[in-house]
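Order of the sequence lines sets the chain letters (A, B, ...), proteins ahead of strands, with each chain counted from 1.
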4 protein chains.
Amino acid sequence: MQIRTPACRTGRPRSAAADTAILAATREALVELGWSKLTLGDVATRAGVAKTTLYRRWAGKNELVVDAVAELFGELELPDRGSLAADIEGVVLQFAAILARPEAKSGLMAAVAESTRDDALRERIRASIVDPQKDLVLEGRARAQARGELPPQTDPAEAARTVDLIFDVVAGAVVHRTLVSAEPADEEWVRSFTRVLLLGLTASTGPSGDLPGEHV
Amino acid sequence: MQIRTPACRTGRPRSAAADTAILAATREALVELGWSKLTLGDVATRAGVAKTTLYRRWAGKNELVVDAVAELFGELELPDRGSLAADIEGVVLQFAAILARPEAKSGLMAAVAESTRDDALRERIRASIVDPQKDLVLEGRARAQARGELPPQTDPAEAARTVDLIFDVVAGAVVHRTLVSAEPADEEWVRSFTRVLLLGLTASTGPSGDLPGEHV
Amino acid sequence: MQIRTPACRTGRPRSAAADTAILAATREALVELGWSKLTLGDVATRAGVAKTTLYRRWAGKNELVVDAVAELFGELELPDRGSLAADIEGVVLQFAAILARPEAKSGLMAAVAESTRDDALRERIRASIVDPQKDLVLEGRARAQARGELPPQTDPAEAARTVDLIFDVVAGAVVHRTLVSAEPADEEWVRSFTRVLLLGLTASTGPSGDLPGEHV
Amino acid sequence: MQIRTPACRTGRPRSAAADTAILAATREALVELGWSKLTLGDVATRAGVAKTTLYRRWAGKNELVVDAVAELFGELELPDRGSLAADIEGVVLQFAAILARPEAKSGLMAAVAESTRDDALRERIRASIVDPQKDLVLEGRARAQARGELPPQTDPAEAARTVDLIFDVVAGAVVHRTLVSAEPADEEWVRSFTRVLLLGLTASTGPSGDLPGEHV
DNA sequence: GAATAAACGAGACGGTACGTCTAGTCTTGGA
DNA sequence: TCCAAGACTAGACGTACCGTCTCGTTTATTC
């Protein structure tokens with residue numbers, strides 16, 4: 001999180017409380033004001049901290065918000081719910097619950113929008129938000145294979161492609177449902193979605209069966 | 001697009017050329033600068049127009065960018081490619097191609113991010129961008145039913161839910177692939193994605209079959 | 001007042017009522033808003049006239065305000081009050097009364113300020129405001145000479161200088177009293193002032209007497 | 001001059017050089033552009049200072065110009081020239097010389113015009129420009145009394161009234177001569193004016209003599 | 001137990017963009 | 001040809017934040 005590169009040991013150490021206060025203040029400001037009206041000066045004031053302290057640790061609004069939002073997604077877990085379908089439903093619901101919070105909604109999407117022109121920012125998002133989520137997918141698949149619900153992967157490249165696809169579909173669908181359609185990703189929706197996804201995956205990786213309407 | 005509500009007929013009429021120039025300048029600025037560094041003053045200059053002319057017609061950056069981006073999505077079409085799978089692949093590829101353009105990328109996502117705190121903006125996005133896309137889904141389904149690839153819908157509420165689900169999955173997946181994973185939604189990916197989606201849908205709406213690992 | 005130079009007689013004639021309405025609206029706006037916040041658009045609205053009509057007749061704010069204020073000073077008169085002192089007191093009081101009106105106060109001074117960089121404006125002020133006042137001084141002197149209160153002028157250049165001096169002293173003192181000192185130029189003050197002025201003038205034009213403290 | 005009221009000692013102190021540069025730039029702009037075309041943005045640029053720095057210290061154009069012009073009038077002095085008449089002539093010439101400078105001309109009059117609707121501004125003008133001048137009048141009178149040219153004042157209220165009258169007459173006449181008549185207040189004019197003023201005053205305060213033409 | 005060195009709060013600094021306002025011109029349709 | 005209405009270009013307004021800087025002060029470590 002911090003910028004300070006060299007191993008510094010002399011001088012007054014940075015206040016750990018400041019970090020916590022700043023990130024909390026950032027989330028508070030996101031809730032009240034949203035991304036576009038959030039200002040670093042205001043965050044500093046809310047955190048009881050000088051603007052310089054803030055700039056000493058984060059390069060700008062984007063980085064700060066990504067870190068503030070990443071803490072929310074750190075709550076994601078994958079308890080064993082007994083079946084692949086239940087595991088997926090569970091984690092999708094968790095993801096949807098986080099995304100329903102106002103501080104995540106506007107903050108995350110705006111950061112993603114900015115990341116289209118800022119590779120460092122995209123990398124930061126990937127490292128602190130996306131990859132941990134993808135790890136859950138991997139963990140879920142491993143568990144399903146252990147249960148015998150899924151066949152063991154043979155081709156690792158193919159396996160990586162499949163994980164990426166699943167991840168884009170899951171995360172994308174929830175995000176789109178929540179932000180664009182502005183409808184809740186509630187239990188019913190998640191069940192329908194999981195059903196389609198799972199059937200599609202098993203049928204796809206299964207007998208390589210005919211697609212309906214594919215005449216050849 | 002314009003703000004002027006009442007039917008006014010006196011006074012000098014608004015320049016139609018200005019609208020065109022402003023929207024084109026907005027897209028140009030989006031490409032060069034991205035959302036966050038785009039300024040209305042700069043857009044006005046590029047369009048060869050005074051700032052007041054711009055503010056007379058749009059309430060702010062958000063509205064302007066939505067309109068500018070909406071014109072891009074107006075290009076979407078659904079030519080009959082002979083099968084449901086081909087139709088879906090075709091339209092997803094088109095959607096991905098538009099989303100790959102820099103003016104769409106940062107502009108659209110930022111507008112969506114803002115729309116989480118601005119209902120009017122969300123409505124504008126829905127009306128000018130989302131709903132036309134959803135119409136394509138409806139058209140595609142009607143065509144597939146005519147071909148006999150899909151059974152006719154019986155329950156209209158259920159039908160609407162399905163369309164919404166499809167739409168969130170398709171649009172969400174492409175967006176996530178493009179913006180978050182930052183990988184191209186190319187032909188190969190689209191084929192994999194379409195395969196999963198289509199198999200999932202037909203299996204789901206079909207025999208209401210067993211989900212793998214669903215123990216009850 | 002109007003700009004139109006050539007003798008035009010074709011087309012729709014200009015509305016005479018518009019002139020009156022515009023000047024009245026200008027004074028009204030001067031009272032309510034003062035010079036600096038007076039805008040030509042607002043004056044046009046008050047007068048129920050289009051901005052173009054206004055610009056067709058006056059070159060700008062300065063010219064308009066000078067004309068509007070000049071009408072106030074047109075009220076100045078010099079009835080014969082029987083003595084030079086009474087005449088002076090009378091006209092000074094009239095002048096002070098006009099200057100006490102808010103539309104005159106801020107409008108006139110601002111126009112004078114502008115005239116320091118605009119010769120045409122100064123000429124306009126001189127012609128429509130200053131010279132008529134100076135004529136009153138001439139008239140008063142002629143009347144006093146007729147009464148025998150003042151000796152007849154012999155040197156016309158000297159006479160002109162004296163009139164100019166008197167005029168600067170009278171007008172300047174009243175203006176300064178009213179605007180800078182912000183005290184009313186009431187009857188008591190006018191009497192004191194007139195006394196000093198008149199004694200000074202008669203002593204000065206008289207025996208060319210010793211100035212007190214002039215040791216040469 | 002500054003706005004900041006409480007004695008603050010934390011934070012970066014204000015740059016003293018900025019004040020100097022801003023006031024100098026203001027005078028420069030007054031000379032080149034005059035009051036009405038002077039813009040604070042331009043002054044800031046000339047002073048090599050940000051607009052915010054300017055607004056942090058002055059409330060607006062009026063206040064800034066008053067302070068800039070006040071520095072000019074700070075040059076006024078009253079060296080002992082040996083006689084009351086010489087003292088008056090000297091200080092009037094000085095005053096006229098300042099008023100002849102273009103930065104004083106348009107700036108001062110415009111500020112006075114504005115002050116008719118802004119009491120704080122009038123107070124500022126009085127405190128920083130008018131009162132120091134009035135002090136010169138008091139000093140001159142004290143010196144004349146010491147010389148025996150003037151009788152000692154008995155009634156203090158009457159004395160104050162006289163000083164005010166003198167001041168309005170002197171300042172008003174010079175201003176009117178310079179700005180309205182647009183003639184130089186040169187040595188010859190000043191001598192004539194001083195002669196009239198002084199004769200009037202001595203005659204007035206003296207034997208309370210008959211005004212010419214005052215029949216009773 | 002200084003001395004050192006960095007972090008801290010406060011707030012001024014040079015900038016940039018904002019969204020509004022006014023100036024003065026131009027373009028309609030109607031009188 | 002004038003008029004009312006209102007859109008147009010141009011540019012200043014005063015404000016808000018940005019990210020940097022200079023202060024004086026506070027707190028750990030190191031000598």
Side-chain angles (χ1 to χ4, degrees), chain A residues 4 8-15 18 37-45 48-61, chain B residues 2 4 8-15 17-18 36-42 44-45 48-61, chain C residues 4 8-15 18 36-45 47-61, chain D residues 2 4 8-15 17-18 36-45 47-61:
Chain A
R4 179 160 47 158
C8 313
R9 58 188 62 86
T10 78
R12 177 174 172 177
R14 289 194 179 162
S15 158
K37 295 188 180 170
L38 176 149
T39 69
L40 295 199
D42 179 58
V43 168
T45 305
V49 141
K51 249 195 319 174
T52 24
T53 300
L54 214 153
Y55 278 104
R56 204 173 288 123
R57 301 174 192 212
W58 284 276
K61 190 165 151 172
Chain B
Q2 281 86 345
R4 181 161 44 156
C8 312
R9 61 188 58 86
T10 78
R12 177 173 172 176
R14 291 193 178 163
S15 159
S36 65
K37 294 188 180 170
L38 177 149
T39 68
L40 294 198
D42 179 59
T45 304
V49 141
K51 242 190 331 170
T52 30
T53 298
L54 214 152
Y55 278 106
R56 201 175 291 121
R57 301 175 190 209
W58 285 277
K61 192 165 152 172
Chain C
R4 180 158 48 157
C8 314
R9 60 186 59 85
T10 79
R12 176 170 170 179
R14 289 191 178 164
S15 158
S36 64
K37 294 188 179 170
L38 176 148
T39 69
L40 294 197
D42 180 58
V43 169
T45 304
V49 141
K51 252 199 312 178
T52 19
T53 301
L54 212 152
Y55 278 105
R56 205 173 289 125
R57 302 178 190 208
W58 285 276
K61 190 164 152 173
Chain D
Q2 281 88 341
R4 182 157 45 151
C8 310
R9 58 189 49 89
T10 77
R12 178 173 172 176
R14 290 196 178 162
S15 158
S36 64
K37 295 189 179 169
L38 176 148
T39 68
L40 295 199
D42 179 59
V43 168
T45 304
V49 142
K51 238 188 341 167
T52 31
T53 299
L54 215 152
Y55 279 106
R56 202 174 289 123
R57 302 178 190 209
W58 285 277
K61 193 164 149 172

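- A residue-by-residue look at Val49(C) and Val49(B) shows that Val49(C) has its nearest nucleotide of DNA chain F further toward the 5' end.
- Separating the CZ atom of Arg56(A) from the C1' atom of dT22(F) is a distance of 13 Å, rounded to the nearest angstrom.
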> Under a 3.5 Å cutoff on both atom distances, Watson-Crick or G-U, what's the dot-bracket for DNA chain E ([ ] crossing, | other strand)?
Replying inline: |||||||||||||||||||||||||||||||

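- Each of Ser15(B) and Gly48(C) has a nearest nucleotide on DNA chain F; the 5'-most of these lies closest to Gly48(C).
- Put simply, Thr53(C) has a side-chain N or O that comes within less than 4.0 Å of OP1 or OP2 on dA4(F).
- Shown here are the side-chain contact (heavy atoms from CB on, under 4.5 Å) partners of Ser15(D), two or more places apart in sequence or in another chain: Ala17(D), Ala18(D), Arg57(D).
- Arg12(A) contributes no side-chain N or O that forms a donor-acceptor pair with the base of dC8(E) under 3.5 Å.
- Under 4.0 angstrom from either OP1 or OP2 of dC3(F) there lies at least one side-chain N or O belonging to Arg57(C).
- Here Arg14(D) does not reach the OP1 or OP2 of dG11(E): none of its side-chain N or O atoms lies under 4.0 Å away.
- Smallest separation of non-hydrogen atoms from Val43(D) and Leu54(D): CG1-CD1, 3.8 Å.
- Taking every heavy atom of both residues into account, Lys51(C) and Leu40(C) meet most closely at CG-O, 4.5 Å.
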>> Protein within reach of the bases, or only the backbone? For nucleotides 16-22 of chain E, mark each nucleotide 5' to 3' as B, S or -, using heavy atoms under 4.0 Å.
In response: -SSBBBB

